[in-house]
Amino acid sequence: MKRIDFILILCLVLATLGACNKDNGAGISVIPTEDSDIWVSTERMDAAGNHYYVAYTAFHTLELRIRDRQGEEIISHTCGVEPSEIPAYASNVFLNLVVPNRFIGADDATLSIALYSDEAELRPQYVQLLLNINVQTKKIYSKKYTITSPADFAYKASEGALVQWYQNTLLVKEGRDVELNAHGGMLGENGPGSVLVCYERDFTERYRLPIDAGQSYLPIARDNYIPLNDFEAIYFRGDGLISRERMVLSASEEARGKRPVVWQIDLRRHSKMPVDYTVKLNHYDLRNGIVETQYAIFDKTGRFVKMLQKNWNVENGYPQP
């Protein structure tokens, strides 16, 4: 009888552990929690395997936590928000992560945290936080936006909207809530905003520029890019399309001859391959004014054909020896 009781208890324990390793049905990831946690948010992960999330503690604080690939906590930071600004439920918390870019800051990430009032349908109140984080030095800078009416300034927080930029700055699209949400949605999912701000890592302003919201061409946080200066970057697509692009802030700028694409290279066409062949970009770099690329060519069946390495002039995109 004792053996049967032991087996039953063991089954209950295993079932409980199994349930803890699943999503709870509310879109909340299962993340290590502490006894003092009321809830933990969903998590975001960077290329190094670091996991970023926030927790609402019984001490009425919002705590940022970062764990490494092995699950060890490497950073714990109390965010500067009032207890009344912290939602009662994790479902009212939205996170976006700008992962470190090796050409800008290999250890520098930016985390966007949006906190919605539990009565958002009654009063349009929410808080947006930007945290610039260095996972190596554990240095953190933060900027808080409190939005209580459409006239207040906020920032566009959708994926790709926050951009790590030249000399380790951060591009942020800001504007009135009614402009950020001109087509519906929330937290700037659709509208481009009315101001582009370039922040240093400590959130001092590098520059602030007006945006012609409907007629602007602005950087987005794509997977592979190298900023060249305050207004231009080179983008590298995995299928072999390389573009040097610049910001165009209004239709009048474009009318004066300012074009978004300075030059563009299609590695597949440059290599004079058959139309049904494909390219995979394996490596890219920028050294001493030369853009270095290495890419593989595959035939129409997907069979590897050869590996090529080509260099390009950063100013005009011309091939280099």
Side-chain angles (χ1 to χ4, degrees), residues 46-47 96-110 112 130 132 155-174 188 192-193 195-201 203 205-213 215-251 253-254 256-267 270 279-295 310-320:
D46 64 23
N96 285 287
L97 177 66
V98 185
V99 299
N101 181 317
R102 64 190 176 96
F103 295 103
I104 305 170
D107 299 310
D108 289 309
T110 298
S112 165
L130 285 177
N132 280 331
Y155 67 86
K156 184 175 179 182
S158 57
E159 290 292 339
L162 302 169
V163 183
Q164 285 201 54
W165 199 237
Y166 182 60
Q167 295 181 342
N168 213 346
T169 54
L170 180 71
L171 287 181
V172 183
K173 300 179 184 73
E174 295 182 353
V195 178
L196 180 71
V197 187
C198 185
Y199 288 110
E200 306 287 354
R201 297 303 295 182
F203 287 108
E205 286 187 18
R206 183 166 188 158
Y207 59 81
R208 175 180 290 262
L209 299 170
I211 304 170
D212 182 350
Q215 303 290 335
S216 58
Y217 183 87
L218 301 170
I220 61 173
R222 307 176 197 173
D223 290 337
N224 307 308
Y225 64 100
I226 304 176
L228 296 177
N229 50 52
D230 277 341
F231 305 104
E232 294 180 313
I234 302 178
Y235 293 91
F236 300 83
R237 237 168 54 180
D239 61 358
L241 189 67
I242 304 170
S243 301
R244 177 170 175 168
E245 301 177 14
R246 64 159 62 101
M247 299 182 198
V248 178
L249 305 181
S250 67
E253 282 191 346
E254 192 162 3
R256 292 194 299 268
K258 193 173 184 180
R259 297 287 185 264
V261 177
V262 179
W263 53 254
Q264 194 169 76
I265 300 164
D266 187 331
L267 295 179
H270 176 82
V279 159
K280 180 182 178 183
L281 183 64
N282 292 335
H283 172 78
Y284 64 93
D285 206 342
L286 175 62
R287 299 182 186 181
N288 301 319
I290 300 298
V291 179
E292 301 175 355
T293 59
Q294 184 185 73
Y295 56 100
K310 300 286 185 180
N311 295 334
W312 319 88
N313 186 296
V314 71
E315 294 301 324
N316 51 35
Y318 290 171
Q320 297 295 295

Chemist: Just to verify, what does A106 make a side-chain contact (heavy atoms from CB on, under 4.5 Å) with, not counting sequence neighbours?
Modeler: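 Not a single residue meets the side-chain contact (heavy atoms from CB on, under 4.5 Å) criterion with A106.
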Chemist: Quick one: is the NZ or CZ of R102 closer than 6.0 Å to the six-membered ring centre of Y284, and within 45° of its axis?
Modeler: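 Because its charged atom sits under 6.0 Å from the ring centre and within 45° of the axis, R102 does stack over Y284.
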Chemist: Examine distances only and state if a side-chain atom of N132 and a backbone atom of R201 form a donor-acceptor pair shorter than 3.5 Å.
Modeler: yes
Chemist: Without swapping roles, check the side chain of R259 against the backbone of E254 for a donor-acceptor pair under 3.5 Å.
Modeler: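 Yes: the side chain of R259 pairs with the backbone of E254.
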Chemist: Determine whether a donor-acceptor pair (N or O, by modelled atom type, separation under 3.5 Å) exists between the side chain of N101 and the backbone of Y225.
Modeler: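 Yes, the answer is positive, given that a donor and an acceptor are paired below the 3.5 Å cut-off.
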Chemist: Before we go on, tell me: are the rings of F231 and Y207 under 6.0 Å apart, centre to centre?
Modeler: yes
Chemist: Mind checking the CG-CZ spacing from D223 to R237? Nearest 0.5 Å is all I need.
Modeler: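 It is 12.0 Å, given to the nearest 0.5 Å.
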Chemist: Has the side chain of N96 got a donor or acceptor atom that lies under 3.5 Å from a matching backbone atom of A157?
Modeler: yes
Chemist: Would you say K310's side chain and P319's backbone share a donor-acceptor pair under 3.5 angstrom?
Modeler: no
Chemist: For a 4.5 angstrom cut-off between non-hydrogen side-chain atoms, does W263 reach N313?
Modeler: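 Of all side-chain heavy-atom pairs linking N313 with W263, none is under 4.5 Å.
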Chemist: Just verifying a value: how many Å separate N311 CG and I290 CD1, rounded to the nearest 0.5 Å?
Modeler: 6.5 Å
Chemist: Would you please test L218 and K156 for side chain to side chain contact (heavy atoms under 4.5 Å, CB included) and show each step?
Modeler: CA-CA 13 Å; L218 301 170; K156 184 175 179 182; over 6 Å; no
Chemist: Who pairs with Y199 by side-chain hydrogen bond (donor to acceptor under 3.5 Å, both in side chains), at least two apart in sequence or on another chain?
Modeler: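 So Y199 forms a side-chain hydrogen bond (donor to acceptor under 3.5 Å, both in side chains) with E174.
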Chemist: Taking all non-hydrogen atoms of both residues, which atom of P227 and which atom of I104 are closest, and how far apart?
Modeler: CG-CD1, 3.7 Å
Chemist: Taking S243 for the side chain and Y235 for the main chain, is one N or O donor matched with an acceptor at less than 3.5 Å?
Modeler: no
Chemist: Do the side chain of Q164 and the main chain of V99 share a donor and acceptor less than 3.5 angstrom apart?
Modeler: yes
Chemist: In a check of side chain to side chain contact (heavy atoms under 4.5 Å, CB included) between C198 and each of L209, V163, L170, T169, which one passes?
Modeler: T169
Chemist: Side chain to side chain contact (heavy atoms under 4.5 Å, CB included), that's the test. Do V291 and R244 meet it? Break it down for me.
Modeler: CA-CA 11 Å; V291 179; R244 177 170 175 168; over 6 Å; no
Chemist: Rounded at 0.5 Å granularity, tell me how far CD in E253 sits from NZ in K258.
Modeler: 4.0 Å
Chemist: To the nearest 0.5 angstrom, please state how far the CD1 atom of I226 sits from the CG atom of L286.
Modeler: 5.0 Å
Chemist: Please tell me if the side chains of D212 and L249 come closer than 4.5 Å, counting only heavy atoms from C-beta onward.
Modeler: no
Chemist: Between P100 and D108, is there a side-chain heavy-atom distance shorter than 4.5 Å?
Modeler: no
Chemist: Does the pair R206 and Y166 meet the rule for a side chain to side chain contact (heavy atoms under 4.5 Å, CB included), with working shown?
Modeler: CA-CA 11 Å; R206 183 166 188 158; Y166 182 60; 4.1 Å; yes
Chemist: Would you name the heavy atoms of S216 and I211 that are closest together and state the gap between them?
Modeler: OG-CG2, 3.2 Å
Chemist: Just verifying a value: how many Å separate L228 CG and I234 CD1, rounded to the nearest 0.5 Å?
Modeler: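 Output value for this atom pair is 4.5 Å.
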Chemist: In terms of heavy-atom contacts, does OH of Y318 have more than 12 from other residues, nucleotides or ligands at under 6.0 Å?
Modeler: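 No.
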Chemist: What residues form a side-chain contact (heavy atoms from CB on, under 4.5 Å) with D266, not counting sequence neighbours?
Modeler: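 Residues passing side-chain contact (heavy atoms from CB on, under 4.5 Å) with D266: L241, R268, R269.
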Chemist: For the atom pair CG (L130) and OH (Y155), what is the distance rounded to the nearest 0.5 Å?
Modeler: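 So the CG of L130 and the OH of Y155 are separated by 4.0 Å.
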